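Please read all numbers here as calculations on a predicted model, not as lab measurements.
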Amino acid sequence: MPPRLPIARVRNFLQLGLRTRTMSSQPSVYVTRPDVDASGLELLRKSCQVSTWSETLPVPRAELIRQIAGKDALYCALTDKIDKEVLDAAGSQLKCVSTISVGYEHIDVEECKKRGIRVGYTPDVLTDATAELTVALLLATNRRLFEANKQVFNGGWKSWAPMWMCGQGLKGSRVGLLGFGRIGQEIAARILPFKPAEITYTTRSPRPQEAAAVNARHVDFEEMLRNSDFIVACCALTPQTKEIFNAAAFQKMKSNCIFINTARGGVVDQHALYDALKNNTIQAAGLDVTTPEPLPLDDPLLKLDNVVILPHIGSADIETRKEMSRITARNILAGLVGEKMEAEVIL
Ligand SMILES: O=CC(=O)O
């Protein structure tokens, strides 16, 4: 982990007038979520003028465009699309954008690069929480926890029955991971104690050292689709992975396959997933991410029993979210004074 930025140093730098600004015109930061953990906002308030959107729902785009004008830094979330229009509205003084997320596909990083705007994000800190949630979702899906829980309330639970609510165990199964970065590796490490027959991973280039630590084997996408009992999407959303799980991919999966997605809704063609679940082309799916988010209440996926859907809570562990708030703030403080950010997107 990169060394923490000495906050006192940044504060002194800003406050002792090493900048051309005066105290009354401290750098200005716009924060798009008022409900991020206060510890991050407090860090910013020590040396910056902080204004925040006031509601818990995402800031409307027109308001973001209005508020960002003249700001030195932006503290945003994955619900905010930071594109050319927003950057134009900000003005040339904008020095950095820092998102409270590991994913940054909502930020036009090419536009940022052109303008010399630095981009901070929050990898690493959320790896364990996201891996934990992935395993929780996998277990909830393969052991049919939500379906079973419903039976307790709706009278479906008449008696213990030998084959009722049975699911497919991880033991002896083949688990395929699309993506083998920090999160993928931690998912593999957590699955290993469930004694799968094999863990495979699909990435552009093999990562033998990391794979050896979890007994994972590199396979191509085709092999992963055809041989896995569980497929977990834990990759970034890129032009290469966009809707990689399409009708053709679901057709290749085994009929007992359980598909888990804690990456991004965009890696899946959701209509194709619906068809695959409805027609039992695959057995079940567990999704922490969908397109769109939130999923409309009349979405056909919500009518199926063989899908578990969570509202994008991968990193929603209290300590994790608190630290994400602080890292987002520290990234901004570093960006404002031209120091190395704690976690910076390489542009
Ligand atoms: O999905 C969550 C994140 O990118 O942090």
Leu336 vs Ser47, test: side chain to side chain contact (heavy atoms under 4.5 Å, CB included). Steps then yes/no. CA-CA 11 Å; Leu336 284 172; Ser47 52; over 6 Å; no
How about Lys171: does its NZ atom have over 12 heavy atoms from other parts shown lying under 6.0 Å from it? no
Transitively linked via ILVMFWY side-chain contacts under 4.5 Å: Leu301 with Leu310? no
Counting only N and O atoms by type, is there a donor-acceptor contact under 3.5 Å from the side chain of Arg144 to the main-chain atoms of Cys166? yes
Take Phe245 and Leu225 through the test side chain to side chain contact (heavy atoms under 4.5 Å, CB included) and record every step on the way to the result. CA-CA 9 Å; Phe245 291 102; Leu225 293 176; 4.1 Å; yes
Give the minimum heavy-atom separation between Ala236 and Thr241, together with the two atoms involved. O-OG1, 2.7 Å
Test your reading of the model: is there a side-chain donor-acceptor pair from Lys95 to the backbone of Gln93, 3.5 Å cut-off? yes
Treating Lys195 as the side-chain partner and Leu192 as the backbone partner, does any N or O pair qualify as donor plus acceptor under 3.5 Å? no
Same apolar cluster (I L V M F W Y, side chains within < 4.5 Å links), Leu133/Ile231: no
Given side chains that start at C-beta, do those of Leu177 and Gln185 come closer than 4.5 Å, heavy atoms only? no
Please answer: with hydrophobic residues joined when any side-chain heavy atoms are less than 4.5 Å apart, are Val268 and Phe221 in the same cluster? yes
Here the side chain to side chain donor-acceptor pair (under 3.5 Å) pairs for residues 304-318, sequence neighbours left out, are Glu293-His312, Ser315-Arg321, Asp317-Thr320
Are side-chain heavy atoms of Leu287 and Leu273 found at a separation under 4.5 Å? yes
How far apart are the C-alpha atoms of Glu198 and Asn227, what are their side-chain angles, what is the distance that settles it, and do they pass the side chain to side chain contact (heavy atoms under 4.5 Å, CB included) test? CA-CA 10 Å; Glu198 184 172 46; Asn227 291 345; over 6 Å; no
Are Ile183 and Ile191 in one and the same hydrophobic cluster, where Ile, Leu, Val, Met, Phe, Trp and Tyr link if side-chain heavy atoms are under 4.5 Å apart? yes
Closest contact, heavy atoms only, Gly103 versus Arg264: CA-NH2, 3.3 Å
Under 4.0 Å between a Lys/Arg side-chain N and an Asp/Glu carboxylate O for Lys114 and Glu111? yes
Rounding to 0.5 Å, atoms CD1 (Ile260) and CG (Leu138) come to a distance of 4.5 Å
What are the two closest heavy atoms between Leu74 and Ile68, and how far apart are they? CD2-CD1, 3.9 Å
Under a single-linkage definition using a 4.5 Å side-chain heavy-atom cutoff for Ile, Leu, Val, Met, Phe, Trp and Tyr, are Val308 and Ile282 assigned to the same hydrophobic cluster? no
Ignoring hydrogens and geometry, is there a side-chain-to-backbone donor-acceptor pair from Thr203 to Gly179 under 3.5 Å? no
Is it true that Glu63 and Arg66 make a salt bridge, defined as a side-chain N closer than 4.0 Å to a carboxylate O? yes
Got more than 12 heavy atoms from elsewhere within 6.0 Å of CZ, Arg143? no
For the pair Arg190 and Glu186, find out whether any cationic side-chain nitrogen is under 4.0 Å from an anionic carboxylate oxygen. yes
Quick one: does Ser173's side chain get under 4.5 Å of Gln168's, heavy atoms only? no
May I ask you to say whether Glu323 pairs ionically with Arg330, meaning some side-chain N is under 4.0 Å from a carboxylate O? yes
Look at the side chain of Thr52 and the backbone N and O of Ser54, then say whether any donor-acceptor pair between them is shorter than 3.5 Å. no
Is a donor on one side and an acceptor on the other found under 3.5 Å between the side chain of Glu222 and the backbone of Val219? no
For residues 268-288, pull every pair meeting side chain to side chain donor-acceptor pair (under 3.5 Å), keeping only residues two or more places apart or in separate chains. none
Considering residues, nucleotides and ligands other than Lys254, do more than 12 of their heavy atoms fall under 6.0 Å from its NZ? yes
Can you name the nearest heavy-atom pair linking Val102 to Tyr121, along with the distance? O-CD1, 3.1 Å
Take the angle between the ring planes of Tyr201 and Phe180 and call it parallel below 30°, perpendicular above 60°, tilted in between. parallel
Candidate list Ile327, Thr328, Leu333, test side-chain contact (heavy atoms from CB on, under 4.5 Å), partner Asn331, passing option: Ile327
Nearest non-hydrogen partners of Pro58 and Thr79, listed with the distance: CG-CB, 3.9 Å
Can you confirm whether Gln209 is buried at CD, in the sense that more than 12 heavy atoms of other residues, nucleotides or ligands lie under 6.0 Å from that atom? no
Hey, is Lys340 close enough to Glu344 for a salt bridge, meaning N to O under 4.0 Å? no
Under 4.0 Å between a side-chain nitrogen and a carboxylate oxygen: does that hold for Asp108 and Arg115? no
Which heavy atom in Val97 sits nearest to a heavy atom in Leu94, and how many Å separate them? CG2-CD2, 4.1 Å
Looking at Glu147 and Lys150, does any basic side-chain N land under 4.0 Å from a carboxylate oxygen? no
Between Glu223 and Arg217, does any side-chain N to carboxylate O distance fall below 4.0 Å? yes
Let me see the working for Leu139 and Leu170 under side chain to side chain contact (heavy atoms under 4.5 Å, CB included), right down to the final yes or no. CA-CA 9 Å; Leu139 294 174; Leu170 273 165; 3.9 Å; yes
